[in-house]
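Sequence positions, counted from 1, serve as the residue numbers for this chain. Predicted model, so just to flag it, every value in this text is computed and none were measured.
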Amino acid sequence: MIKMAGPALKQLHSHRAIHEGGLSGAIGKTEMLIDFLQQGDQKNAERAANDLVDYWKTRVISHADAEEEGFYLEIVNEDPSMDKSITQLTRDHDLIRIIVRDIEELRETEGISPTVLQKFYALLVVNEIHSREEERLLFIENASKSE
């Protein structure tokens with residue numbers, strides 16, 4: 001059984017607002033983490049890193065889960081030719097999940113290391129590219145196919 005996607009996922013302007021809000025929040029929290037590190041405030045840096053990982057899970061990955069459980073399935077059911085695009089977008093989500101898991105594992109052994117910071121930045125890049133491509137593939141190009 002396919003879960004029906006909510007109306008916000010199906011409209012470009014509201015979907016873009018979800019993406020922009022998620023990315024701007026992640027950027028702000030990443031900057032806060034960097035500020036604590038630059039100040040030498042390890043205790044608050046650890047808190048900020050925990051908050052940032054939690055944010056990726058509860059805001060970005062939960063959005064990805066909702067897309068995969070409903071929206072993406074609806075798109076492929078309506079237009080099976082979209083299967084390749086959906087597979088690519090799902091892979092982006094998988095990359096975000098993998099990077100978050102890597103961060104959690106690295107923090108157990110390395111704390112907030114340069115590698116961990118690189119992975120936090122990688123999340124921002126992957127997420128930004130994914131959102132742009134998702135909007136292009138599912139809303140802009142898909143809409144022009146329907147016209």
Side-chain angles (χ1 to χ4, degrees), residues 1-38 44-108 110 112-147:
M1 185 172 119
I2 298 172
K3 272 181 153 177
M4 296 298 288
L9 290 180
K10 295 180 181 181
Q11 307 217 355
L12 176 58
H13 68 281
S14 55
H15 205 118
R16 182 173 286 154
I18 292 167
H19 288 165
E20 289 173 355
L23 183 60
S24 68
I27 290 168
K29 289 179 180 300
T30 302
E31 289 171 347
M32 188 180 307
L33 168 60
I34 299 303
D35 287 346
F36 286 131
L37 289 170
Q38 289 174 339
N44 278 320
E46 290 292 340
R47 286 187 185 136
N50 290 339
D51 185 44
L52 185 53
V53 167
D54 188 57
Y55 183 85
W56 280 103
K57 289 176 163 182
T58 60
R59 179 75 187 256
V60 179
I61 293 174
S62 66
H63 171 71
D65 292 343
E67 288 177 328
E68 291 173 17
E69 293 168 4
F71 184 50
Y72 286 2
L73 296 174
E74 286 180 39
I75 288 172
V76 172
N77 278 341
E78 291 171 16
D79 183 358
S81 72
M82 293 297 295
D83 188 57
K84 182 180 178 193
S85 295
I86 295 300
T87 298
Q88 292 170 333
L89 295 170
T90 301
R91 177 59 178 159
D92 295 346
H93 292 165
D94 290 341
L95 290 172
I96 291 169
R97 291 179 186 105
I98 290 165
I99 296 168
V100 168
R101 206 168 32 248
D102 286 353
I103 289 168
E104 290 176 311
E105 290 171 7
L106 285 166
R107 286 193 58 218
E108 288 179 22
E110 301 179 8
I112 304 173
S113 66
T115 304
V116 167
L117 294 176
Q118 288 171 349
K119 289 187 181 286
F120 275 128
Y121 284 119
L123 283 170
L124 296 173
V125 173
V126 170
N127 189 61
E128 187 272 326
I129 292 169
H130 165 77
S131 296
R132 182 180 65 218
E133 283 299 288
E134 183 178 80
E135 292 165 11
R136 181 182 67 80
L137 292 168
L138 302 186
F139 294 100
I140 298 164
E141 287 185 9
N142 206 19
S144 65
K145 284 193 332 189
S146 314
E147 293 173 356

How long is the gap from CD1 on Ile129 to CG on Leu95, to the nearest 0.5 Å?
10.5 Å

So CG of Asp54 and NZ of Lys29: to nearest 0.5 Å the spacing works out to 8.5 Å

Report yes if the side chains of Asn50 and Arg107 come closer than 4.5 Å at any heavy-atom pair, otherwise no.
yes

Work out which heavy atom in Ile61 is nearest to a heavy atom in Val100; give both atom names and the distance.
CD1-CG2, 4.0 Å

Interatomic distance, Glu46 atom CD to Asp51 atom CG [nearest 0.5 angstrom]
13.0 Å

pair Leu138-Leu12: side-chain heavy atoms closer than 4.5 Å:
no

Closest non-hydrogen atoms of Leu89 and Glu133, given as atom of the first, atom of the second and distance, are CD2-C, 4.3 Å

Are a donor atom and an acceptor atom from the side chains of His19 and Glu135 found within less than 3.5 Å of each other?
yes

Suppose we call two aromatic rings close when their centres sit under 6.0 Å apart. Are Tyr72 and His93 close by that rule?
yes

For side-chain contact (heavy atoms from CB on, under 4.5 Å), just list the numbers for Ile112 and Phe36, CA-CA rounded to whole Å, side-chain angles, deciding distance to a tenth of an Å, and then say yes or no.
CA-CA 11 Å; Ile112 304 173; Phe36 286 131; over 6 Å; no

Do you know which two heavy atoms are closest between Phe120 and Val53, and how far apart they sit?
CZ-CG2, 3.8 Å

Any donor-acceptor pair under 3.5 Å linking the side-chain atoms of Glu67 with those of His63?
yes

Is there a side-chain contact between His15 and Phe71 in this structure, where contact means two heavy atoms from C-beta onward sitting under 4.5 Å apart?
yes

Is the backbone of Gly21 close enough, under 3.5 Å, to the side chain of Ser24 for a donor and an acceptor to pair up by distance?
yes

Smallest heavy-atom separation, Ala26 atom then Leu124 atom, equals CB-CD2, 3.7 Å

Any non-hydrogen side-chain atom of Leu117 less than 4.5 Å from a side-chain atom of Leu33?
yes

So, Glu104 and Lys57, do they make that salt bridge, N to O below 4.0 Å?
yes

How far apart are the C-alpha atoms of Arg47 and Asn44, what are their side-chain angles, what is the distance that settles it, and do they pass the side-chain contact (heavy atoms from CB on, under 4.5 Å) test?
CA-CA 5 Å; Arg47 286 187 185 136; Asn44 278 320; 3.2 Å; yes

Ion pair check, Asp94 and Arg97, cut-off under 4.0 Å
yes

Minimal heavy-atom distance between Asn127 and Val60, with the atoms involved, is OD1-CG1, 3.5 Å

I'd like to know if Arg132 pairs up with Glu128 as an ion pair, taking the criterion as any Lys NZ or Arg NE/NH1/NH2 lying under 4.0 Å from an Asp or Glu carboxylate oxygen.
yes

Evaluate the side-chain contact (heavy atoms from CB on, under 4.5 Å) criterion for residues Tyr55 and Thr30: first the C-alpha distance (whole Å), next the side-chain angles of each, then the deciding distance (0.1 Å), finally the verdict.
CA-CA 10 Å; Tyr55 183 85; Thr30 302; over 6 Å; no

Which distance, rounded to the nearest 0.5 Å, do you find between the CG of Asp79 and the CD1 of Ile75?
9.0 Å

Any side-chain heavy atom of Ser131 within less than 4.5 Å of one from Glu134?
no

Full working for side-chain contact (heavy atoms from CB on, under 4.5 Å) between Ile99 and Trp56
CA-CA 10 Å; Ile99 296 168; Trp56 280 103; over 6 Å; no

Do you know the tightest heavy-atom contact between Arg59 and Ile18?
NH2-O, 3.9 Å

Is there a side-chain contact between Ile103 and Leu52, using heavy atoms and a 4.5 Å cut-off?
no

Taking C-beta and beyond as the side chain, do Glu20 and Leu23 meet within less than 4.5 Å on heavy atoms?
no

